[in-house]
Amino acid sequence: MSKISVINLQDFRTPLSRVFTGRDRGIEVRNASKIDILEVESDEILIKIPEDIGSINPSFLEELLLNVVTKLQPEVFFKKIHFENNGRYKITNDLQEAVERILREETALVH
Amino acid sequence: MSKISRKKILYFSYRSKIKHKKFILKEKKEHNRWVGWLKFLDDARITALKNGNDYTRSSYEKQRHNRTLGQKPSFSSTINYIASIKDAFSDNHKSSIEDGLFEIPEIFSLSENYSDSFPFLKRLFYALYHQSTPIIQFNYANCKRIDIDASVCMDILLSDFIAYYKMCRKKGRSIKIIQIRPINYSAPHIVKILFSIGAFANIKGVTINFPDIIPYPLCRAEISNPKASAIREVHITQMVDYVVKSMAKMERNFTAEAEDNLFKVIGEVLINAEEHSTGNLRYSIGCFQDGKINGEHLGVFYLVILNFGKTIYEKFSDPNCPNKEAVIQMKELSENYTKKGLFTKAAFEEQTLWTLYALQEGVTSKVDWKRGNGSVRFIESFFNLKGDNSKDNFSNLSIVSGNTRITFDGTYRLIDKVKGVNKRKYKMMTFNNTGDIEVKPDNKYVTFAENYFPGTIISAKIIIKELNTETSK
């Protein structure tokens, strides 16, 4: 039987806030949720997004998922990490952008 | 033993000798102080003569009194920073005569009338800092429009100085300024600003409710606070919720996508204000105005976020800038400009270019982050929030940092550019028709401003059209 770990973002949410934003917060939640360890120990990870969340910034996702995406690469990442997203806000585009940005090594100033 | 002989004993006692010695020392000390004071006055007179300044002899008693009061309260970090920058707001010097009458410019706006508004702020700063006059009066008689960016800067200066004066008075120190007051402010459009998001609301806490304007009061956040990131999230939520509530008054709701865009515009702007700041405070203020343009029901959202401290360019050009890689790339690109002779003094300088570079995708001054926040992101969300891609001659977003002014109004859009070894797609804002960052941007939108803003101020004016909203249920 496959082992599924659950990360409920509600547990890492700032009280009175409806947003997850910024790299600093991404790092904070990455460490607090132990997502990198859970990824090794589990077959799948389910990340639950609170229903009343208004937005999740790609910079936050970038830091939260940095090690997992780098290790798994997009193909395996999307098979192993799932998001439960039942509220008005939809994570698809931001997640896609975050994954692309993680894999990018350069900046727009490159020739 | 008689009373007299007892006193004689006391007079010759060891205790009385010590007391006498102490008295002599105190006298000597006071004498030395007086001599030192005369020497100081003489030096001050000679220096004033040398520099051609006026010399007024101050009183020794007053100086002695001040010494007994203990340490003078310190100015706020914002005031200290502005005072340390000679050309802050304007390169105007302190005038020798200050009558205390401040005519508010006809258009008081840092983005649209900077030639009058910046010198106004500079003169005000000098008057408050040097306490050059006992009464300061703000005359609104000729003022036709007040923009939040100028109004908030004035209010920040006033509130910091007023807090300082209060502290001084509490400690018994005399303050020359006895009154700061507005005059001729009865025009409805002035009253509306002053009592909703202006001085009365921000400094005195006196507000009036207007049916068409919903203010978001001035909010200060400490960047160095260990919980700054959590505080930022709460502030973003408060600001979005405030706009959502304002929309509800129009019996409209944001679509989920529009709300997400609003979160991103505000969030990215706040993050940028913090990332590029060297000051300790981030200020934000806004207001929502309900109105109709050409028969269409519209909401207009004004937002200003600012910080005082090093400018974006100063942060990158600092030899201690942690992200050396970004600096090397910027230097390479600007060398091309120098070779092509594209830099023109006081019109398009290196700092103008570097500020534009700093906004491009992936660029950050922080070394511990692999990538930048992608400031272009808030530009994209800003246009999405507008509801359509067209230029509406009203909505705009401007970034002023030091002498650089960058304005987005929809004329130039973000473009996707494939670059680098891995041929990846980047979002770029080049402000030219070629889409090439190495080609000079349109100087109408990316320009060197004569007046220097001592920090970074981002102001946005967004029309929220009905197509971005849905009817309230």
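Predicted model, so just to flag it, every value in this text is computed and none were measured. Lettering of chains follows the sequences in order, A, B, ..., and the numbering in each one begins at 1.
The two residues A:Ser17 and B:Glu233 have their closest heavy-atom pair at OG-CB, 3.7 Å. The minimum heavy-atom distance linking B:Thr237 with A:Leu16 is given by the pair CG2-O, 3.6 Å.
Annotation: A:Lys71, atom NZ; neighbour count of heavy atoms from other residues, nucleotides and ligands within 6.0 Å is above 12. Within a 6.0 Å radius of NZ in B:Lys227, other residues, nucleotides and ligands contribute 12 heavy atoms or fewer.
Heavy atoms closer than 4.5 Å to chain B are found nowhere in A:Asn93, neither backbone nor side chain. For a residue to count as touching a neighbouring chain, one of its non-hydrogen atoms must lie under 4.5 Å from one of that chain's; by this rule A:Ile53 does not touch chain B.
Between A:Arg88 and B:Glu257 there is no salt bridge, since none of the side-chain N atoms of the basic residue sits less than 4.0 Å from a carboxylate O of the acidic one. Under 4.0 Å is where a charged nitrogen must lie from a carboxylate oxygen, and between B:Asp241 and A:Arg18 at least one such pair does.
Remark: B:Ile271 CD1 to A:Thr21 OG1 distance equals 3.5 Å, nearest 0.5 Å. A:Ser59 OG to B:Glu268 CD: the interatomic distance, rounded to the nearest 0.5 Å, is 5.0 Å. Atoms CD1 and CZ, on A:Ile56 and B:Phe263 in that order, are 10.5 Å from each other to the nearest 0.5 Å. Note that CZ of A:Phe60 and OG of B:Ser229 are 10.5 Å apart. Values are rounded to the nearest 0.5 Å. Atom NZ of B:Lys264 and atom OG of A:Ser55 lie 3.5 Å apart (nearest 0.5 Å).
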